[in-house]
Structures are given as structure tokens and as C-alpha cells.
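I have placed the structure first, in the form of C-alpha cells, so that the comments after it can refer back to it.
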Amino acid sequence: VPAHAKAGGHIEIQLIDAAREDDPSEDGLTAYERRTLEAMLRTIQEASEAGYAHNDMAVLCRNNKNARMAANFLKSRGIDVISQDSFLLQ
């Protein structure tokens, strides 16, 4: 994430290792899903700290199931989600 939001935009793609997949935990998430969601949250927090507003951020997901899971995760961490379908963060 660039140090200052005024310096321009930012696109980030992260590959999460799925090789360590295991059974779902008590919250229903697999280890892979948990690592993916935590990485997404860290990136959003870093961008916020660099001055990017949540309404300038978007998260792309593979399918609606993943988008719902990500939206619910972010909401549980205090980040408002405007739309689960467009997944634009407020």
C-alpha cells in the first residue's frame, strides 16, 4: 500500500497458500478461508492507515458465496459494507 493516498491508486493481488487446507473450525471457516479473510482485513487496515477512505476501496471475490463470507467477516470486525453484491466498502 502506498504511504500516502494522495500519491495515486493502488491495486493488490495476494495468493494465499491452499496447500494447508484443513477441516472447518467452530466458526465454520477452513484455515484457508481464515487466512484469506485475515489478509483482506490487514490490507484494508493498511490502506486506511495510509489515508484511503473505505468508500474508495473495493474487494473482488470469486463468487457470491465468497462475497457474503467476506462481507460478514468485515461487518463482524466493524467495517461497514454498502452492498454484498457490489462489495463496495463504506
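Note that the coordinates shown come from a computational prediction; the quantities given were computed from them, not determined experimentally.
Here the straight-line distance linking atom NE2 of His54 with atom CG of Asp80 works out to 9.0 Å at 0.5 Å rounding. Here Asn63 contributes atom CG and Arg68 contributes atom CZ; the two are 8.0 Å apart, rounded to the nearest 0.5 Å. In this structure, Ile13 CD1 and Leu60 CG are separated by 9.0 Å, a value rounded to the nearest 0.5 Å. Between the CZ atom in Arg42 and the CD atom in Gln14 there is a gap of 7.0 Å [rounded to 0.5 Å]. Ile79 contributes atom CD1, which lies 6.0 Å from atom CD of Gln45 (distance to the nearest 0.5 angstrom).
For the pair Ala70 and Cys61, the tightest heavy-atom approach, listed with the atom from each and the gap, is CB-SG, 4.3 Å.
For the pair Leu41/Glu38, a side-chain contact is recorded, criterion being any heavy-atom separation below 4.5 Å from C-beta on. A 4.5 Å side-chain heavy-atom check between Ile44 and Val59 finds at least one atom pair inside the cut-off. Counting heavy atoms from C-beta outward, Met69 and Leu37 have side chains that approach closer than 4.5 Å. Looking only at side-chain heavy atoms (C-beta outward), Thr43 and Met57 stay at 4.5 Å or farther from each other. Taking 4.5 Å as the limit, every side-chain heavy atom of Glu33 sits out of range of all side-chain heavy atoms of Phe73.
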